[in-house]
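Below: the structure, in structure tokens.
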Amino acid sequence: MDIGSAALVVIDMQNGFVSHHSRHVVPAVSDLVAQWSAAGRPVIFTRYFNYPNSPYERFFQWHRLQEPPETDLVPELTETAARAHAVIDKTRYTLFTAEATEMIRQTGWTDLIFCGIATESCVLKSATDAFEHGYAPWIATDACASDAGPDVHDAGLVVARRLIGTGQLVSSGHVVGQLTAYAGAAVLE
């Protein structure tokens, strides 16, 4: 993990995705974001917006996340998001909109560390797309959850291991350890 060329990507931490299955991850994500931001490293937030006649409506009959308060970021992250490097609005699973793809290319980031909701869909798809774009994707497994429950979260991690590599799934503690080592090395220079 190259912290000096990394960004933390907070996927869809929105009211509409927080359920009794995923609520536990809000403090974990908030803590990781706070430590990452305190080190002066870039944070990107994504927000998903559904729309009438979307594929989610047509194929899943899923009509949620079309307006506030469901589309709003959770209150615990609102202030941090206001100071983030970027907030990317999207209408599909992946971070990789045209805007985000260009921003990541221009910044020169090589590593993208993912956390948020939902492990099996938007986190997994974004990490897989990062892999296919040639970036090093990392998933902070304890800072991700599924609003569909722990079994679906675990299934998402199984698929992630197959698609991006077992070594790319790490704990928040590992990320913070890498961040601390990076900050310590920067002080010595």
Side-chain angles (χ1 to χ4, degrees), residues 6-19 22-23 25-37 41-51 54-56 60 62 64-107 109-133 135-148 152-153 156-157 159-160 163-164 168-169 172 175:
L8 180 66
V9 182
V10 182
I11 301 287
D12 302 350
M13 289 297 295
Q14 296 164 268
N15 293 323
F17 288 124
V18 175
S19 70
S22 58
R23 186 167 289 114
V25 83
V26 174
V29 171
S30 296
D31 185 54
L32 182 56
V33 169
Q35 292 187 62
W36 190 266
S37 297
R41 303 303 309 141
V43 180
I44 301 168
F45 284 82
T46 68
R47 291 184 302 197
Y48 169 77
F49 291 88
N50 199 2
Y51 57 91
S54 73
Y56 305 97
F60 298 119
W62 189 74
R64 297 189 51 225
L65 275 101
Q66 293 195 23
E67 58 187 47
E70 283 192 327
T71 55
D72 293 339
L73 292 172
V74 296
E76 295 87 342
L77 292 169
T78 304
E79 276 187 42
T80 310
R83 296 186 309 272
H85 185 85
V87 177
I88 303 295
D89 292 337
K90 60 192 184 72
T91 58
R92 52 190 180 168
Y93 292 119
T94 188
L95 156 71
F96 284 87
T97 63
E99 174 192 3
T101 300
E102 182 60 18
M103 177 190 62
I104 294 166
R105 186 190 67 72
Q106 285 184 359
T107 60
W109 297 325
T110 59
D111 291 53
L112 299 172
I113 303 162
F114 295 95
C115 61
I117 303 172
T119 311
E120 79 287 357
S121 55
C122 295
V123 172
L124 174 64
K125 178 73 165 108
S126 295
T128 302
D129 287 352
F131 175 92
E132 290 188 341
H133 279 84
Y135 302 108
W138 303 90
I139 297 176
T141 59
D142 56 333
C144 293
S146 173
D147 55 325
V152 178
H153 164 79
L157 295 180
V159 174
L163 294 178
I164 66 171
Q168 301 310 113
L169 278 64
S172 294
V175 174

- Task: Mind checking side chain to side chain contact (heavy atoms under 4.5 Å, CB included) for Pro55 and listing every partner two or more places apart, or none if nothing turns up?
- Result: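 If we apply the side chain to side chain contact (heavy atoms under 4.5 Å, CB included) test to Pro55, skipping adjacent residues, the hits are Tyr51, Arg58, Phe59.
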- Message: Suppose we screen for side chain to side chain contact (heavy atoms under 4.5 Å, CB included). Which residues come up paired with Thr141, at least two apart in sequence or across chains?
- Response: Ile139, Leu157, Leu169
Atom pairs and distances, donor-acceptor, side-chain atoms in residues 110-124, under 3.5 Å, two or more places apart:
from: Asp111; atom 1: OD2; to: Asp2; atom 2: N; distance (Å): 3.2
from: Asp111; atom 1: OD2; to: Trp138; atom 2: NE1; distance (Å): 2.8
from: Thr119; atom 1: OG1; to: Ala145; atom 2: N; distance (Å): 3.2
from: Thr119; atom 1: OG1; to: Ala145; atom 2: O; distance (Å): 3.2
from: Thr119; atom 1: OG1; to: His153; atom 2: ND1; distance (Å): 2.7
from: Glu120; atom 1: OE1; to: Ser146; atom 2: OG; distance (Å): 2.9
from: Glu120; atom 1: OE2; to: Ser146; atom 2: OG; distance (Å): 3.3

- Item | Verdict with supporting geometry, Trp36 and Val10, side chain to side chain contact (heavy atoms under 4.5 Å, CB included) | CA-CA 11 Å; Trp36 190 266; Val10 182; over 6 Å; no
- Task: Please lay out, stage by stage, how Ile11 and Ser126 fare under the test side chain to side chain contact (heavy atoms under 4.5 Å, CB included).
- Result: CA-CA 9 Å; Ile11 301 287; Ser126 295; 3.7 Å; yes
Do [X] and [Y] come within less than 4.5 Å of each other through their side chains, counting heavy atoms only?
| X | Y | value |
| --- | --- | --- |
| Leu8 | Arg41 | no |
| Val25 | Met13 | yes |
| Leu95 | Ile104 | yes |

Between atom [atom1] of [X] and atom [atom2] of [Y], what is the distance when rounded to the nearest 0.5 Å?
| X | Y | atom1 | atom2 | result |
| --- | --- | --- | --- | --- |
| Glu99 | Ile88 | CD | CD1 | 3.5 Å |
| Gln14 | Phe49 | CD | CZ | 6.0 Å |
| Leu163 | Asp129 | CG | CG | 10.5 Å |
| Phe60 | Asn50 | CZ | CG | 11.0 Å |

- Check ring pair (Phe, Tyr, Trp, His ring centres under 6.0 Å) between Phe131 and all other residues, then give those that pass, not counting sequence neighbours. none
- Tyr56: partners by ring pair (Phe, Tyr, Trp, His ring centres under 6.0 Å), with sequence neighbours left out: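 Ring pair (Phe, Tyr, Trp, His ring centres under 6.0 Å) list for Tyr56, sorted by chain: Tyr48, Tyr93.
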- Query: Looking only at heavy atoms, which two atoms of Asp142 and Ser172 are closest? And how far apart?
  - Reply: OD1-N, 2.7 Å
- Specify the closest pair of heavy atoms between Lys90 and Arg92, including all atoms of both residues, with the distance to one decimal. NZ-O, 3.0 Å
- Message: I'd like to know whether CD of Glu79 has more than 12 heavy-atom contacts from other residues, nucleotides or ligands below 6.0 angstrom.
- Response: no
Could you tabulate the donor-acceptor pairs under 3.5 Å formed by side-chain atoms of residues 67-76, not counting sequence neighbours?
from: Glu70; atom 1: OE1; to: Leu65; atom 2: N; distance (Å): 2.7
from: Glu70; atom 1: OE2; to: Arg64; atom 2: NE; distance (Å): 2.9
from: Glu70; atom 1: OE2; to: Arg64; atom 2: NH2; distance (Å): 3.1

- Examine distances only and state if a side-chain atom of Ser37 and a backbone atom of Val43 form a donor-acceptor pair shorter than 3.5 Å. no
